Amino acid sequence: MCKQFDHSGIEPRIVEKSKTLITRTVKNNVKTETFTITLPPPNVTGSLHLGHAFTSIIQDMLLRYKRQHGYATLGQPGLDHAGIATQIVVANQLQEQGINWQELERDEFINRVWTWKEQSGGTILYQLVRLGMSIDLDRVRFTMDEEASNAVLYAFTTLYKDGLIYRAKKIVNWDPILKTAISDIEVSNRIEQGKMWYIKYPIGQCNFITIATTRPETLFGDQALAVHPDDERYKHLIGTKARIPLTDRTIPVIADDFCSQEKGSGVFKVTPAHDFADFEIGQRHNLHCLSVMDESGHMNDEVPKEFQGLPVLKAREKLVEALQEKGLVERTEEITHSIPYNDRSGAIIEPMVTNQWFLDTKTLADAAIKAVESGRIKFIPEQWTNTYFEWLRNIQPWCLSRQILWGHQIPVWHTENGKMFCAMTEEDAKQQAKKYFCVDDKSIPKLTRDPDVLDTWFSSALWPFVTLGWPKSREEMRKYYPTDVLVTGFDIIFFWVARMVMFGLYFTKDVPFKTVYINPLVRDEHGRKMSKSKGNVIDPLRLMNKYGTDALRLTLASLAVPGRDVNIGESHVEIGRNFITKIWNASKFLEMKKCLFDRDFNAHNNNLEKPLNKWIVRKLIEFKRTAQSALDESRFDLYALSVHKFLRDVFCDTYIEAIKLCDDDETQNTACAVFAEYIKVAHPVIPFVTEYLWEKITNGTEQMLLISPWIDNCDAHELKPDLVDHYISVAGEVRSLKGMIGCKEKLDLLIKAGENDEFVKSNVHWIQQLARVNSVDIVETFPSKGIRFFVAGRELFIKYPHEISKSLFDKKLNTLAQDVSRLTEKIANESYKKAKPEDWQSDVDLLEVKKVELQKMEAISWNY
RNA sequence: GGUCGCAUAGCUCAGCGGUAGAGCACUACGUUGACAUCGUAGGGGUCACAGGUUCAAUCCCUGUUGCGACCACCA
């Protein structure tokens with residue numbers, strides 16, 4: 001028999017064997033109850049990281065759990081085209097081949113991306129399958145496949161028709177590296193050291209007014225200086241003109257409530273084209289928008305010659321020098337402030353005024369808020385509703401357009417003089433134009449399609465229903481929609497969750513999912529974020545190869561405490577692996593013991609003779625209930641813990657130890673039946689080893705565990721502790737005493753004659769085994785030499801000829817005395833008695849037991 | 001500035017209004033007929049701090065401190 005469990009050998013085989021069953025349970029139309037999870041579609045560029053692994057196994061546990069219980073279970077897989085991310089990857093690849101992608105025709109570039117997508121798009125799906133995801137790969141969808149693309153066009157045109165999508169020239173977050181707009185939530189702020197310059201703007205002949213700025217280079221775009229209307233220092237200047245340094249251009253000094261008298265110098269330079277706040281002030285005061293840089297973040301020809309063409313930072317440097325030369329820099333200040341970045345490209349965001357497409361989100365957001373307020377959608381943990389609400393309540397119009405090539409091109413056609421037609425196809429647009437201009441086919445003005453593409457998240461927001469055939473087919477929608485659970489990270493509550501809810505409610509008049517499980521962030525074992533630069537990234541594939549997929553799954557599940565980040569190190573997975581080995585060893589024991597699977601032997605039907613067998617069945621039921629309620633409450637950590645505890649503490653350490661000397665049929669059958677039930681319950685978290693062992697113990701005669709329901713006819717059993725529990729504690733106490741006195745040899749255990757004599761006599765074999773003693777005898781009186789001890793008030797005795805340490809005895813006595821005094825004090829409390837009479841009574845009873853134990857202990861002489 | 005979370009054994013973390021828990025690490029013992037990727041036993045904590053509620057607080061409330069995340073601001 002080999003010494004180690006070989007996960008690598010069985011995993012691919014089980015995956016292969018599960019395929020048809022998974023497909024069938026999706027397509028199965030017999031069951032009316034469905035369970036659906038739309039898997040968050042990973043980027044086509046992606047490869048599996050621990051975060052994916054974590055989210056995925058949580059989903060798979062639910063899928064397997066529900067599938068075992070007979071639901072028509074759908075885990076809908078897919079891939080996201082990930083507009084900007086993918087374009088960057090492909091552009092870089094082309095660059096490595098010496099091709100400048102910007103010189104390629106639009107179609108040519110897009111073809112390249114498709115080629116690349118075909119090559120590498122399936123990698124992550126394969127990796128998900130390695131994780132044991134029970135998903136049907138024939139159902140894999142792509143956010144840019146034909147159906148999804150049509151759905152996107154449909155959604156866009158519908159929103160346009162309903163007046164929710166509009167085009168406007170507004171200030172947006174501009175990425176000068178990618179040369180595209182991005183939405184506000186794509187901007188991330190980094191705290192950095194920087195400078196604040198106090199710059200003097202000349203007023204009249206010899207006066208100055210000082211402004212403070214971190215972005216001096218934008219001063220060429222200034223349209224005004226603003227002060228607070230009540231600011232005594234500057235009141236007299238309102239209405240006068242100041243001159244922009246280094247130029248001849250003058251700008252008015254205006255009053256605006258927005259200005260704070262405390263910040264900076266109290267004077268605010270207004271540059272509507274390059275700052276969000278300034279843009280708004282500009283709108284209020286009807287100021288011109290003068291842009292001073294181009295789309296790549298270089299100064300344009302609106303600035304003095306010597307600055308033209310310089311990138312922002314260079315221009316800033318040069319400008320400050322020039323100002324200093326003229327004595328126009330009053331002072332500089334070192335400050336810490338946050339700088340907006342686009343993490344994808346690494347670019348510093350430049351607010352720029354451009355023409356973009358926007359979605360008016362306000363009304364959509366209201367419905368989305370209500371859906372959560374009313375409980376139609378539930379968040380786990382609930383606290384994330386705060387995040388969700390906060391964003392939706394302050395929602396801004398969504399900038400939908402991106403000036404990139406890879407994505408869903410906006411379905412709007414422009415005429416040369418600025419008329420727009422939104423349509424699903426060019427032909428439709430032409431027809432609209434024809435009608436609008438009242439012309440015949442030949443005279444339709446030339447139409448050019450808008451070159452922009454949609455934000456990737458636009459198609460993602462439609463994902464839960466697009467994958468079910470929307471808008472074309474309703475069949476699967478009826479069956480699987482709304483989906484049941486969405487499992488995702490808190491970082492995309494805005495990007496994805498909220499938008500799915502908005503679009504779901506808008507387009508399908510229903511919520512897209514009922515429960516949102518926000519899974520924790522995965523960090524390294526010391527709680528640091530995993531990143532390539534820190535070198536602490538753990539590759540899940542490596543862990544799976546080394547320790548087995550089950551080990552990784554069990555480890556992740558046991559760490560899935562809601563509302564708390566997960567710290568994971570390789571040592572954790574090692575523990576998981578050790579546990580898988582333990583299960584395997586337990587099965588080896590059963591095999592050795594010739595415990596055979598008998599499908600007609602039902603351990604639950606309560607006609608067992610032996611107390612120990614009844615006991616393990618009772619424990620199994622308790623375990624099953626714990627596991628079930630943990631899964632029902634999305635407590636995957638507690639579920640994993642129960643899987644762990646039952647096998648180790650109950651089945652192995654107690655039951656297997658106890659039955660080592662039992663060779664009767666009932667015990668053999670029970671052992672196997674309980675183990676078989678156990679692996680069913682453990683299957684959702686550790687599918688491979690359980691499926692493998694199931695196959696082995698059933699000799700392949702049964703259907704796969706994948707679709708085997710847990711037996712659940714538990715009501716007949718009393719779940720109260722019984723004599724078996726008592727004598728298990730007795731045995732534990734014997735082992736503990738032996739350990740503490742350092743006794744290695746086997747001793748004799750004496751039990752004082754009493755009401756349980758019959759039970760002890762007929763169960764002596766396992767009590768002896770568990771207590772690691774030679775014999776167990778019932779006696780009327782105890783000999784003088786030995787160790788007296790108590791379990792739950794009953795007196796016991798270990799024959800022991802040697803002297804044992806007094807300190808050990810004193811220690812026990814002390815604990816007992818402490819218990820007695822604590823309990824005495826506690827029950828003396830009249831308010832306690834009144835408030836919780838039942839608790840109080842059980843404390844009274846306990847005290848009685850302890851008192852007796854203490855008395856007897858004190859009566860024992862320890863002098864030999 | 002706002003919101004949320006966290007603080008329990010050396011480490012990573014559970015837990016709970018009524019005797020403080022696990023795993024790892026540590027100590028001792030053990031290759032017994034499933035398992036040394038193991039077993040048995042043991043040591044180890046004023047449950048961040050200060051108030052309050054309660055008969056009773058590690059748990060509930062308030063505040064403080066420290067850490068983290070997000071949003072806003074960023075002249």
Side-chain angles (χ1 to χ4, degrees), chain A residues 1 3-5 185 189 191 194 196-199 210-215 225-226 258-260 262-271 275 277-278 335-340 381 383-387 389-391 394 490-491 493-494 521 523 525-527 529 547 551 558-559 561 563-569 571-572 574-575 577-593 637-638 641 644-645 652-653 656-657 660-661 732 735-744 746 772 815 818-819 822-823 825-826 828-836 839-840 842-843 846:
Chain A
M1 207 183 270
K3 204 105 171 85
Q4 284 186 11
F5 174 62
I185 47 179
N189 292 304
I191 306 285
M196 175 94 81
W197 286 272
Y198 288 78
I199 298 169
T210 302
I211 62 98
T213 182
T214 54
R215 308 215 38 200
L225 296 182
F258 174 82
C259 296
S260 153
E262 285 81 44
K263 282 187 184 171
S265 62
V267 186
F268 186 82
K269 80 191 240 328
V270 185
T271 323
D275 185 281
D278 296 28
I335 55 159
T336 1
H337 60 156
S338 57
I339 308 283
Q383 78 216 32
W384 290 112
T385 52
N386 289 315
T387 307
F389 285 141
E390 191 194 284
W391 187 67
N394 301 303
F490 67 82
D491 49 334
I493 290 178
F494 307 148
L521 209 69
R523 299 168 173 280
E525 56 194 321
H526 299 293
K529 240 181 194 161
Y547 299 103
S558 63
L559 294 171
V561 178
R564 190 173 178 134
D565 289 351
V566 163
N567 297 356
I568 182 170
S571 59
H572 293 113
E574 214 169 297
I575 296 162
R577 187 267 322 266
N578 294 352
F579 180 72
I580 302 300
T581 311
K582 186 84 182 170
I583 299 180
W584 182 67
N585 278 317
S587 84
K588 275 204 314 193
F589 172 81
L590 298 180
E591 199 184 348
M592 189 197 79
K593 265 280 186 193
D637 58 327
L638 297 182
L641 187 71
H644 200 275
K645 272 188 115 64
C652 291
D653 290 359
I656 284 188
E657 283 306 321
K660 275 189 173 162
L661 301 176
R735 288 199 310 269
S736 169
L737 282 165
K738 276 178 65 187
M740 282 195 282
I741 62 178
C743 166
K744 289 168 207 167
K746 284 199 169 179
R772 319 282 200 269
T815 323
Q818 269 171 24
D819 283 351
R822 182 179 51 79
L823 284 166
E825 206 174 311
K826 199 172 157 192
N829 188 334
E830 283 299 315
S831 314
Y832 178 35
K833 185 178 176 181
K834 223 187 260 171
K836 292 270 189 73
D839 289 4
W840 182 83
S842 72
D843 278 339
L846 186 60

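Remember, predicted model here, so these are calculated numbers, not experimental data. Just so it is clear: chains get the letters A, B, ... in the order the sequence lines come, proteins before strands, and each one is counted from 1.
- Distance from the side chain of L661(A) is smallest for G33(B) among the nucleotides G33(B), A34(B), A75(B).
- Positionally, the nearest nucleotide of RNA chain B for S558(A) lies more toward the 5' end than for the other of A226(A) and S558(A).
- For T213(A), taking side-chain heavy atoms from C-beta onward, the closest of the listed nucleotides C35(B), A75(B), G68(B) is A75(B).
- Looking at S338(A), its side chain comes within 3.5 Å of the base of C73(B) through a donor and an acceptor atom.
- Between the side chain of K582(A) and the base of C35(B), a donor-acceptor pair under 3.5 Å is found.
- Within the 4.0 angstrom heavy-atom criterion, no nucleotide atom of any strand lies near I583(A).
- Contact annotation for D653(A): backbone-only contact, meaning every heavy-atom pair under 4.0 Å involves sugar-phosphate atoms and none involves a base.
- The C1' atoms of G68(B) and C29(B) are separated by 44 Å, rounded to the nearest whole Å.
- Closest-nucleotide positions on RNA chain B for A277(A) and T387(A) were compared, and the one nearer the 5' end corresponds to T387(A).
- Base pairing analysis places G5(B) opposite C67(B); the two distances defining the Watson-Crick or G-U wobble pair are each below 3.5 Å.
- Among the protein residues, H644(A) comes within range of no part of the nucleic acid, since none of its heavy atoms lies under 4.0 Å from any strand.
- T581(A) comes within 4.0 angstrom of a nucleotide base, judged by non-hydrogen atoms across all strands.
- The distance between atom CG of L737(A) and atom P of U40(B), rounded to the nearest whole Å, is 16 Å.
- For T214(A), a side-chain nitrogen or oxygen approaches OP1 or OP2 of A75(B) to under 4.0 Å.
- Note that the OG1 atom of T385(A) and the CD1 atom of I493(A) stand 9.0 Å from one another [nearest 0.5 Å].
- Among the atoms of the strands shown, base atoms are found under 4.0 Å from some heavy atom of D839(A).
- Between W384(A) atom CH2 and C4(B) atom C1' there is a gap of 7 Å when expressed in whole angstrom units.
- Contact of the S558(A) side chain with the H644(A) side chain is not registered, since no non-hydrogen atoms from C-beta on lie closer than 4.5 Å.
- Across all strands shown, G17(B) forms no Watson-Crick or G-U wobble pair with both distances under 3.5 Å.
- Within 4.0 Å (heavy atoms only), I656(A) reaches at least one base atom of the nucleic acid.
- Screening K836(A), R822(A), K826(A) against D843(A) for a salt bridge (Lys or Arg N to Asp or Glu O under 4.0 Å) leaves a single residue, K826(A).
- Here the side chain of K593(A) pairs a donor or acceptor atom with the backbone of K660(A) at under 3.5 angstrom.
- Comparing C13(B), A41(B), C74(B) against the side chain of H337(A) picks out C74(B) as the nearest.
- Put simply, CH2 on W840(A) and CG on N829(A) are 10.5 Å apart, with the number rounded to the nearest 0.5 Å.
- Relative to the side chain of V561(A), the nucleotides A75(B), C55(B), C13(B) differ in distance, and C13(B) lies closest.
- In this structure, Q818(A) places its CD atom 20 Å from P of G18(B), rounding to the nearest Å.
- Residue N189(A) places its side chain closer to C73(B) than to any other of C73(B), G5(B), C55(B).
- Within 4.0 Å of R577(A), counting heavy atoms only, lies at least one base atom of the nucleic acid.
- Picking from C24(B), A14(B), U19(B) the nucleotide with the shortest atom distance to the side chain of I575(A) gives C24(B).
- For the P atoms, the distance from C16(B) to A48(B) is 16 Å, rounded to whole Å.
- When both pairing distances are held under 3.5 Å, C26(B) makes a Watson-Crick or G-U pair with G42(B).
- Separating the NZ atom of K645(A) from the P atom of A22(B) is a distance of 7 Å, rounded to the nearest angstrom.
- Annotation: the span from T213(A) atom OG1 to F268(A) atom CZ amounts to 9.0 Å, rounded to 0.5 Å.
- Nucleic acid contact class of R772(A) (heavy atoms, under 4.0 Å, all strands): sugar-phosphate only.
- Nucleotides C60(B) and U53(B) are separated by 8 Å at their C1' atoms, to the nearest Å.
- Spacing between atom CZ of R735(A) and atom C1' of U40(B) amounts to 8 Å, rounded to whole angstrom units.
- Within the structure, every side-chain polar atom (N or O) of K836(A) is placed at least 4.0 Å from both OP1 and OP2 of C55(B).
- Residue F490(A) is in sugar-phosphate contact alone, with no base atom involved, counting any heavy-atom pair closer than 4.0 Å across all strands shown.
- S260(A) comes within 4.0 angstrom of a base, heavy atoms only.
- To the nearest angstrom, P of G33(B) lies 13 Å from NZ of K593(A).
- For Q383(A), whose side chain is taken as the heavy atoms from C-beta onward, the closest listed nucleotide among U19(B), C4(B), A14(B) is C4(B).
- For the pair I580(A)/F5(A), a side-chain contact is recorded, criterion being any heavy-atom separation below 4.5 Å from C-beta on.
- Within the nucleic acid shown, K738(A) has no heavy atom closer than 4.0 Å to any nucleic acid atom.
- The nucleotide whose nearest atom lies closest to any side-chain atom of Y832(A) is, among U19(B), C35(B), G18(B), G18(B).
- When heavy atoms are screened at a 4.0 angstrom cut-off, E657(A) is found touching base atoms of the nucleic acid.
- The CZ atom of R772(A) sits 5.0 Å away from atom CD of E657(A), with the distance rounded to the nearest 0.5 Å.
- Nucleic acid contact for L225(A): none, since no nucleic acid atom lies under 4.0 Å from a heavy atom of the residue.
- Nucleic acid contact class of N394(A) (heavy atoms, under 4.0 Å, all strands): none.
- Nucleotide U58(B) has no partner under the Watson-Crick or G-U criteria, as no pair reaches both atom distances under 3.5 Å.
- The listed nucleotides are C6(B), C70(B), A75(B); the one nearest the side chain of F494(A) is C70(B).
- Within the structure, a side-chain polar atom (N or O) of R564(A) is placed less than 4.0 Å from OP1 or OP2 of A7(B).
- Here the side chain of E390(A) is nearest to one of G5(B), C73(B), G2(B), namely G2(B).
- Residues E574(A) and R577(A) form a side-chain contact, since some pair of their non-hydrogen atoms from C-beta on lies under 4.5 Å apart.
- A straight line from CG of N578(A) to P of A22(B) spans 19 Å, rounded to a whole angstrom.
- The heavy-atom pair separating P381(A) from G563(A) by the smallest distance is CG-N, 3.4 Å.
- Shown here, C35(B) forms no base pair; nothing in the strands shown gives a Watson-Crick or G-U wobble contact with both key distances under 3.5 Å.
- Straight-line distance from the NZ atom of K826(A) to the P atom of A57(B): 12 Å, rounded to whole Å.
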